[in-house]
Amino acid sequence: MKRAPKARHRLSHENRLTWLTFGAAAPAIVVALAILWFGDYSAKVQWTLSILIAGAFLGFMASAREHIVHPLQTMTNLLAALREGDYSIRARGARVDDALGEALLEINSLGETLRVQRLGAFEATALLRTIMAEIDVAVFTFDPDHRLRLVNRAGEHLLGQPMDKLLGRRARELGLAACLEASEDAPVTLSFPGGSGRWGVRRSTFRERGLPHELLVLTDLSRTLREEERRAWQRLVRVLGHEMNNSLAPIKSIAGSLEALLRRETPPPDWQDDARSGLKSIAARADSLGRFMQAYARLAKLPPPQKEHVNLGELIRRVVSLEPRLSVNVIPGPEFRIVADGAQVEQLLINLVHNAVDASLETHGGVSIRWREAADCIEVSVADEGPGIMNPNNLFVPFFTTKPGGSGIGLALSLQIAEAHGGSLSLTNRAGGNGAEAVLRLPR
């Protein structure tokens, strides 16, 4: 049975240098002592010089060892202090044109750099903690085991407990497990000890000490949604009231005139014509009001898109062929298929082309339509040479229109269709000429 080989005994760095110094001086000492002891010298001289040579040799060798060991111990202490986070210690003797001094100078510079960086990190952390404490959204961080590692003041208030009782507990115990699994696209309805309602969920990941952590941000949307709902109702009531007044005021006036006409003891000879004209006006205004309510119902009941593969080029050419008033210039683009509700996108493009033709007929201009493939979407552009947009703030407000007899739902309906497909719709004045340009962006 073989024995394990013994570990070789290795000399320390300072011992090796000591033996090297001894080896360098030993030949000269041996020669000097040999000459001294074998030469014609008295015993007194021999012992005196021998002690002097041995003492000088041992003294210089100890001094050389000290000059080697002390700087290394100094650098070790400096590096240990840096490792422990103490960046205030500096080494003396750091200077240029000296190998040891330059090493100490670099260590001092490293300590100063680390001190500045730690100070910046402390300041950034203090700023981050102050921001987290002051913002009114709840912020939580969880480790890979879904244990809470950090929470701000809003999070404490939401969960109804102080931080020291929350840290280390699992998300399921805190009622936050659903938030870590919820979709970020839609608000979620949640109830907590500190509040309930609809919440916006945002999640992201980061690493701490090499382990993935999850950041959870909860935003209370109830107040914002209520405010937006209130504004939407105000706009809707304002528009509905305006349209109802426009229809009911003349109906009331005409009805009063007809009532006064019928109360007269001797009606005029043409009272039947007046009554017939008044009733016709009442019917016209009632019909206009009915069309308005139908348009509102159409806007409010837009069905979700039934998506399928649609050839965009064929769809655009079919839309252009439906416009008889003006020849629309079709600028060819790439032939590809999109996933969309063909009927809804066709209605959207019909609205855009119809509006562009209406604008161009006022100035006897032209209309062009083109499509192209952008970085992350498909763009369809409809440009006209009309008078341009006078009031861009109300473009997509339902029932707002500047056209005589217009319903005011075309652009609002078009925007609703675009957003239902995950896209967007914009309408701006053309920068390089007269008229406006509508741009429809759909996902690839």
Side-chain angles (χ1 to χ4, degrees), residues 1-129 143-144 149 206-213:
M1 185 175 179
K2 294 184 178 180
R3 294 182 178 179
K6 295 182 179 180
R8 295 180 57 188
H9 178 69
R10 299 187 61 181
L11 294 175
S12 62
H13 178 70
E14 56 269 28
N15 288 336
R16 287 200 302 270
L17 291 177
T18 300
W19 282 108
L20 288 174
T21 304
F22 177 79
I29 294 174
V30 171
V31 171
L33 292 177
I35 295 175
L36 180 62
W37 284 92
F38 291 102
D40 188 12
Y41 300 100
S42 63
K44 182 179 180 179
V45 172
Q46 290 175 341
W47 282 107
T48 301
L49 292 179
S50 296
I51 294 173
L52 181 62
I53 292 173
F57 169 71
L58 295 176
F60 280 110
M61 189 169 65
S63 177
R65 179 185 176 90
E66 181 66 18
H67 278 76
I68 294 170
V69 172
H70 181 71
L72 292 178
Q73 290 177 341
T74 301
M75 289 188 287
T76 300
N77 294 334
L78 288 173
L79 294 175
L82 296 180
R83 178 173 53 81
E84 295 295 332
D86 185 1
Y87 306 132
S88 61
I89 300 178
R90 297 291 182 268
R92 293 181 296 176
R95 61 183 184 275
V96 296
D97 298 331
D98 180 82
L100 178 61
E102 289 180 353
L104 297 176
L105 186 64
E106 290 299 326
I107 294 178
N108 289 346
S109 299
L110 176 61
E112 179 64 19
T113 302
L114 293 176
R115 186 190 68 82
V116 173
Q117 290 181 352
R118 185 178 67 170
L119 180 61
F122 282 164
E123 292 175 348
T125 302
L127 176 61
L128 178 61
R129 291 185 179 275
D143 62 13
R149 293 305 178 193
F206 66 96
R207 285 189 172 272
E208 183 178 353
R209 297 180 180 178
L211 296 177
H213 287 62

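Heavy atoms only: backbone and side chains are in, while hydrogens, waters and symmetry mates are out.
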Give a yes or no on whether Phe38 atom CZ has more than 12 heavy-atom contacts from other residues, nucleotides or ligands under 6.0 Å away.
no
Return the CG to CG distance between Asn108 and Leu78, rounded to the nearest 0.5 Å.
6.5 Å
His213 versus Pro144, closest heavy-atom pair with distance:
CE1-CD, 4.3 Å
Side chains of Ser50 and Trp37: does their closest heavy-atom pair fall under 4.5 Å?
yes
Could you tell me whether the side chain of Ser63 and the main chain of Gly59 form a donor-acceptor pair under 3.5 Å?
no
Rounded to the nearest 0.5 Å, what separation is found between the CE atom of Met75 and the NE2 atom of His70?
10.5 Å
Beyond-backbone contact of Arg207 with Leu211, side-chain heavy atoms, under 4.5 angstrom
no
Output for pair (Met61 CE, Leu20 CG), nearest 0.5 Å, gives 11.5 Å
Calculate, to the nearest 0.5 Å, the distance between atoms CG and OG1 belonging to Leu104 and Thr74 respectively.
7.0 Å
Would you give the length of the straight line joining atom CD of Glu112 to atom CD of Gln117, rounded to the nearest 0.5 angstrom?
10.5 Å
Go through Tyr41 and Trp47 one step at a time and tell me if the side chain to side chain contact (heavy atoms under 4.5 Å, CB included) criterion holds.
CA-CA 10 Å; Tyr41 300 100; Trp47 282 107; over 6 Å; no
Separation between OG1 of Thr113 and CG of Leu82, rounded to the nearest 0.5 Å:
10.0 Å
